[in-house]
Structures are given as structure tokens and as C-alpha cells.
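Everything numeric in this text was worked out from a predicted model, so none of it was measured.
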Amino acid sequence: MDDYQAFVDKFKPKRTTDDCYTPEAIYDAVRDWACARYKIDPGTIVRPFYPGGDYQTADYPEGCTVLDNPPFSIFSKIVQWYEAHHIRFFLFAPGLTPFTALKLAPTITVLCVGVTVEYENGAKVNTSFVTNLEPPDIVARSAPELYAVLEQTVKREAKKKKKQVRKLAFPPEIITAAKLSWLSSNGMTLTIRREQSLYIKKLDLDDSEKSGIFGGGLLLSERAAAERAAAEQIPLSARERLIVRGLSAKSRGVEKGGAA
């Protein structure tokens, strides 16, 4: 199976930092923060980086600001071009190598944030930012406010994407490989004999969505089911057993008093 998956993966297009199309929620969070800090009118924002686009021939109205996620393979060249043409920008940048842009554009400011963002193509990229909107004497700085906003957005979006796995509570006469693995991980021993079990893929339920057993399971005899129940019992400590006996005695006393 692993060999087949490796074979299939060879034909999948490789993900690069040039294909990192920014999720809307991530972009909106960065845009709102930048607009508030630098007094940018959202209506003047230009986004020239899209499939088939050419940032050098894009329309840049007077007073506009480029706020976008450019291809990282030519990142320094892009920054240099914007600086040479006196175009305001706030750009997503590779979080581990943002200083490389300083070689071609020594007057920009690097905002080191370093939040790992999962882009729409599935690539996870350590992300920071560069801009020419900061005072020219500032070469680099941390941005804790932007970090907090971006990190919160990343976590919120990840939670939305997380698949909710449907968990079914099977009767003791059904056991799955996952349950047996759980017993192993908790130091519990259970042996199921062939003549006391039958492999099944689903239960005889009217609701087909609930009847399926992922990976199949074993239908157990009454004896095997009882052995399974015994194996799953976690022993109580001596102190806990004393408490149980005390509670039982108290319960019996209450019952006798009520009967009287």
C-alpha cells in the first residue's frame, strides 16, 4: 500500500511557495490590521498577484497600496521593483528568510511574525511581512499585535477544517481493531478465539449511515463478550474498594430506614 501511494504521489503537482493562494480569512485579518495601523483606505488596495497576472503591467492608481501575497521565488525582485516605482506595499514574506529582500531594497522594513499559515493549496508556510510604510530608519521589528491576530485566525480556521469523526458506541458483542489496540495501549489482555467470533462489516440496522463498521469488526459469542467486558475492567485500588464498601453500607442503611 505504501509503495502504491508513493507511486501515485509522483504524479501529483509539487506544492511550492509560488502557489500559496491566501485563504480569505487570513488575508482579511492581515488587511484589517494593516489598514488600521497605516491608515490605509481598503478601497485603494491593489492585488496584482493571481494566476497568469503580471505585476509589472498591473494598474497602480495614485495613492494605492499593494497588499498581497507574491511569489516567493522572485520575492526580492518584486520588492525592488515596487521601491523603484515608489509604490506603497505591504507584502506577505517567507518567514525564515525575509531579510534577503534587503539586498535589493535596503530601505524596506521587515516585520518578523513567523506564524505558520496553511494556504489554500495545503502548503504550510512560515509567514512574515515586508513593507515600505514604516519610518525609513526602521529596518526590522517584531509585531506582536499582528502575530496575535494572525495566530488567532489560523487556529480558528484550523478548527473549522477539522473533521468531526462520527463515533459509534457498539454493544459488547462487537469489537473492532481500534478497541483491541486501545486494550493493548492500556496494558489489558484479551484473546478472541476463532470459533467464538464472526467477521462482519455492518450491523442489521434500518439506518444505513449508522450500520457500517469502519474496517469491519468481530461479532462475539456470549462467552467472548463476557471475557471482553472482564478484560476492559480497570481494577480499583484498596482505598477505592474501602470507599465503595462504605458507600454500599450507607446505601443499605438508607434503604432499610426507608422501608421502615
Side-chain angles (χ1 to χ4, degrees), residues 1-16 19-21 23 25 116-126 151 153-259:
M1 184 65 180
D2 291 341
D3 292 341
Y4 175 75
Q5 189 61 46
F7 173 77
V8 172
D9 288 343
K10 288 196 300 183
F11 298 96
K12 292 181 179 179
K14 301 301 182 182
R15 294 170 177 169
T16 71
D19 300 317
C20 295
Y21 305 125
T116 298
V117 175
E118 182 173 355
Y119 290 89
E120 289 187 352
N121 68 344
K124 296 181 179 180
V125 182
N126 187 297
E151 181 73 2
T153 305
V154 167
K155 289 181 178 179
R156 184 175 65 247
E157 292 303 298
K159 190 176 295 185
K160 289 180 182 178
K161 290 182 178 180
K162 189 175 182 181
K163 294 182 179 179
Q164 299 298 319
V165 179
R166 179 170 56 92
K167 293 183 179 181
L168 298 179
F170 294 112
E173 291 82 9
I174 300 292
I175 193 164
T176 62
K179 174 57 72 172
L180 278 168
S181 297
W182 180 85
L183 292 174
S184 295
S185 66
N186 285 275
M188 303 174 185
T189 300
L190 176 63
T191 301
I192 301 174
R193 300 188 181 280
R194 198 176 307 279
E195 67 272 12
Q196 294 184 356
S197 64
L198 176 69
Y199 173 76
I200 61 173
K201 292 183 178 181
K202 62 180 182 178
L203 300 174
D204 294 336
L205 297 176
D206 293 334
D207 189 340
S208 60
E209 292 185 359
K210 294 182 179 179
S211 65
I213 303 174
F214 182 76
L218 297 177
L219 182 61
L220 306 178
S221 68
E222 292 179 351
R223 178 177 177 180
E227 291 175 351
R228 171 204 168 162
E232 291 183 20
Q233 290 183 358
I234 300 176
L236 297 175
S237 66
R239 182 185 68 85
E240 290 165 339
R241 290 193 176 280
L242 284 174
I243 294 174
V244 169
R245 283 198 289 269
L247 292 173
S248 299
K250 186 183 296 184
S251 177
R252 286 194 294 271
V254 170
E255 289 174 358
K256 288 180 179 179

Just distance, no hydrogens or angles: give the donor-acceptor pairs under 3.5 Å from side chains in residues 186-201, sequence neighbours left out.
residue : atom : partner : partner atom : Å
Asn186  : ND2  : Trp182  : O            : 2.8
Ser197  : OG   : Arg193  : O            : 3.3
Ser197  : OG   : Arg194  : O            : 3.4

Q.
Once rounded to the nearest 0.5 Å, what's the spacing between atom CG of Asn126 and atom OG1 of Thr116?
A.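 Answer rounded to 0.5 Å: 5.0 Å.
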Q) How many angstroms lie between atom CD1 of Ile174 and atom CG of Leu220, to the nearest 0.5 angstrom? A) 7.0 Å
(Q) Restricting to non-hydrogen atoms, name the atom on Ala225 and the atom on Pro172 that form the minimum distance, rounded to 0.1 Å. (A) CB-O, 3.7 Å
Can you tell if the side chain of [X] reaches within under 4.5 Å of the side chain of [Y], non-hydrogen atoms only?
X: Val154; Y: Val117; answer: yes
X: Ile175; Y: Phe170; answer: no
X: Lys179; Y: Arg228; answer: yes

May I have the list of side-chain donor-acceptor pairs in residues 237-246 shorter than 3.5 Å, sequence neighbours left out?
residue : atom : partner : partner atom : Å
Ser237  : OG   : Glu240  : N            : 3.2
Ser237  : OG   : Glu240  : OE1          : 3.2
Glu240  : OE1  : Ser237  : N            : 2.8

**Q.** Contacts of Glu173 that satisfy salt bridge (charged side-chain N to carboxylate O under 4.0 Å, His left out) - sequence neighbours left out
**A.**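 Once residues adjacent in sequence are excluded, Glu173 has no partner under the salt bridge (charged side-chain N to carboxylate O under 4.0 Å, His left out) criterion.
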